[in-house]
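What you see below is based on every heavy atom in this structure, not just the backbone, and it leaves out hydrogens, waters and symmetry mates.
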Amino acid sequence: MHFQDRWKRIIDELSPDRVTSVDELTERLDVSPATIRRDLTELDELGYLMRVRGGAMRIDSKNYNVKANEEKRQDGLTGQSAFLDSVITNAAAKRAIARVALEFVSPNLSMIIDGGTTTYSMASLMANEPYHVMTTSIAILQCLMDRPQVKVTIPGGEFFRKQSIVLNPYEDGILQHFTAARMFIGCQSLTKNGLLQTDTLLIQSERRLMERANEIIVLADSSKINAPASLSVCPLSDIDVLITDEHIAPDALQWLKAAGIDVRIAHLTAEDRNAPLPLPGR
């Protein structure tokens, strides 16, 4: 069982009214007690459950208010928790895609890395090399802070907690003077109509960023192909490369290639499936 599937099973097994023991979870999931204890510790730190002596409890609203800090209570976990949910979802595929994306990165490259969990996975795997990265993502900034050779530029603007990004609503600023060889961008959906998002706040910012890059590389796992979304970021003709996973449908592969997109398939390895999550701020 992959760790992301196991984590979902653990959360489903818990109750807010009683402690579910490590022994119970070990038997139900057929894994070792050490694995369960490690999972419970990680999930407790992420805020998905309450770790107690001998096991864990599901977090209901009352328990959560005791455990959570004031900032998380104020935003209802819509920001960080939603991001962590997305980090867990299809984590192995995202890591595989990130590995392939790094084949397009070389020392001294100037690049834009847009916010998102697949691009965040890419940043987490980047080496400490002399790159110049522009990003609006606070999570990606935090990820790259321990790589002193990587120069990171963040456009000035307002910090939006829900999306964990910095956006400038005006035309002026450092972005006008920045040119990137490549931009790495995720999406909510990729269809015959192009690259789509569901958050209106992101559309204008992403379009501006794309204007500053010579090559657009989309990182999207196969679940994003033809997923529901209605806001257009760009048509398929603006996309140079798509990196996706091996589960992409054959017909989707056909129309993507017909649109002139260089489609690269990331094949999952055992390391991708078993690697620890690249958790923000850790």
Side-chain angles (χ1 to χ4, degrees), residues 83 86-87 89-90 93-105 109-126 131-141 143-144 152-155 157 160 163-168 175 178-227 229-245 248 252 256 259-264 266 278:
F83 187 84
S86 189
V87 168
T89 303
N90 297 327
K94 291 174 181 177
R95 189 181 190 281
I97 290 167
R99 282 192 298 99
V100 175
L102 290 178
E103 296 175 6
F104 291 85
V105 173
L109 184 74
S110 176
M111 71 190 89
I112 297 170
I113 304 181
D114 192 39
T117 52
T118 310
T119 50
Y120 172 78
S121 182
M122 172 191 171
S124 73
L125 296 177
M126 289 179 67
Y131 311 125
H132 188 178
V133 174
M134 172 175 276
T135 186
T136 59
S137 168
I138 298 301
I140 290 175
L141 169 65
C143 183
L144 296 175
V152 183
T153 297
I154 295 218
F160 291 85
Q163 295 84 0
S164 191
I165 57 175
V166 176
L167 297 181
N168 186 348
L175 182 58
F178 188 88
T179 300
R182 296 186 173 106
M183 176 176 175
F184 299 89
I185 182 172
C187 64
Q188 288 295 325
S189 177
L190 192 62
T191 74
K192 292 180 180 180
N193 293 322
L195 189 151
L196 308 177
Q197 292 285 15
T198 56
D199 192 333
T200 55
L201 194 63
L202 299 176
I203 303 300
Q204 188 175 14
S205 172
E206 290 181 332
R207 288 174 178 170
R208 288 178 182 169
L209 290 170
M210 294 174 78
E211 291 174 356
R212 310 308 304 168
N214 296 328
E215 187 176 25
I216 305 300
I217 301 177
V218 176
L219 313 185
D221 67 78
S222 56
S223 71
K224 300 294 181 67
I225 309 300
N226 289 321
S230 58
L231 303 174
S232 175
V233 178
C234 71
L236 293 179
S237 57
D238 286 355
I239 300 171
D240 297 287
V241 180
L242 166 67
I243 305 175
T244 188
D245 62 77
I248 184 172
L256 285 162
I261 299 174
D262 179 5
V263 181
R264 305 293 181 93

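- In this structure, Pro155 and Val166 have side chains that are not in contact, with every pair of non-hydrogen atoms separated by 4.5 Å or more.
- Arg264 places no side-chain N or O within donor-acceptor distance of the main-chain N or O of Val100, the cut-off being under 3.5 Å.
- In this structure, the separation between CZ on Phe184 and CG on Leu102 is 7.5 Å, given to the nearest 0.5 Å.
- Taking CG of Asn214 as the reference point, atom OG1 of Thr179 lies at 7.0 Å (rounded to 0.5 Å).
- If you take CE on Met122 and CD1 on Ile113, they are separated by 4.5 Å, rounding to the nearest 0.5 Å.
- Residues Tyr120 and Cys143 share a closest heavy-atom pair of CE1-CB, 3.8 Å.
- Side-chain contact between Arg207 and Cys234 is absent, with no heavy atoms from C-beta onward closer than 4.5 Å.
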Before giving the answer on side chain to side chain contact (heavy atoms under 4.5 Å, CB included), spell out for His132 and Phe178 the whole-Å C-alpha distance, their side-chain angles and the decisive distance to 0.1 Å.
CA-CA 10 Å; His132 188 178; Phe178 188 88; 3.4 Å; yes

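- Side-chain contact check for Lys224 versus Val218: every heavy-atom pair is 4.5 Å or farther apart.
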(Q) Go through it in stages, so that I can follow the logic: the residues are Leu196 and Gln188, the test is side chain to side chain contact (heavy atoms under 4.5 Å, CB included), and I'd like the CA-CA distance, side-chain angles, deciding distance and then a yes or no. (A) CA-CA 6 Å; Leu196 308 177; Gln188 288 295 325; 5.8 Å; no

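- The CD atom of Glu215 sits 12.5 Å away from atom CE of Met183, with the distance rounded to the nearest 0.5 Å.
- Pairing each heavy atom of Ala227 with each of Ser189, the nearest pair is O-OG, 2.6 Å.
- When atom types are taken as modelled, the side chain of Asp240 and the backbone of Ile217 share no donor-acceptor pair closer than 3.5 angstrom.
- Put simply, the side chain of Asp245 gets close to the backbone of Ser222: a donor and an acceptor are under 3.5 Å apart.
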query = Taking it one step at a time, do Ile216 and Leu195 satisfy side chain to side chain contact (heavy atoms under 4.5 Å, CB included)?
reply = CA-CA 11 Å; Ile216 305 300; Leu195 189 151; 5.8 Å; no

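- Of all the heavy atoms in Gly115 and Ile140, the pair that sits closest is CA-CD1, 4.3 Å.
- Taking all atoms of both residues into account, the shortest heavy-atom contact from Asp221 to Ala93 is CB-CB, 4.3 Å.
- In this structure, Thr135 contributes its side chain and Val152 its backbone to no donor-acceptor pair below 3.5 Å.
- In this structure, OG in Ser223 is found 11.5 Å from CG in Leu190, a value given to the nearest 0.5 Å.
- Without hydrogens or angle criteria, Ser137 side chain to Asp114 main chain gives no donor-acceptor distance under 3.5 Å.
- Annotation for Val241 and Phe104: closest pair CG1-CZ, 3.9 Å, computed over non-hydrogen atoms.
- Proximity of a side-chain donor or acceptor of Thr118 to a complementary backbone N or O of Gly186 within less than 3.5 Å is not detected.
- Ala229 and Gln197 make their closest contact through CB-O, 3.9 Å (heavy atoms, listed as atom of the first residue, atom of the second, distance).
- Atom CG of Leu209 and atom CD of Gln204 lie 11.0 Å apart (nearest 0.5 Å).
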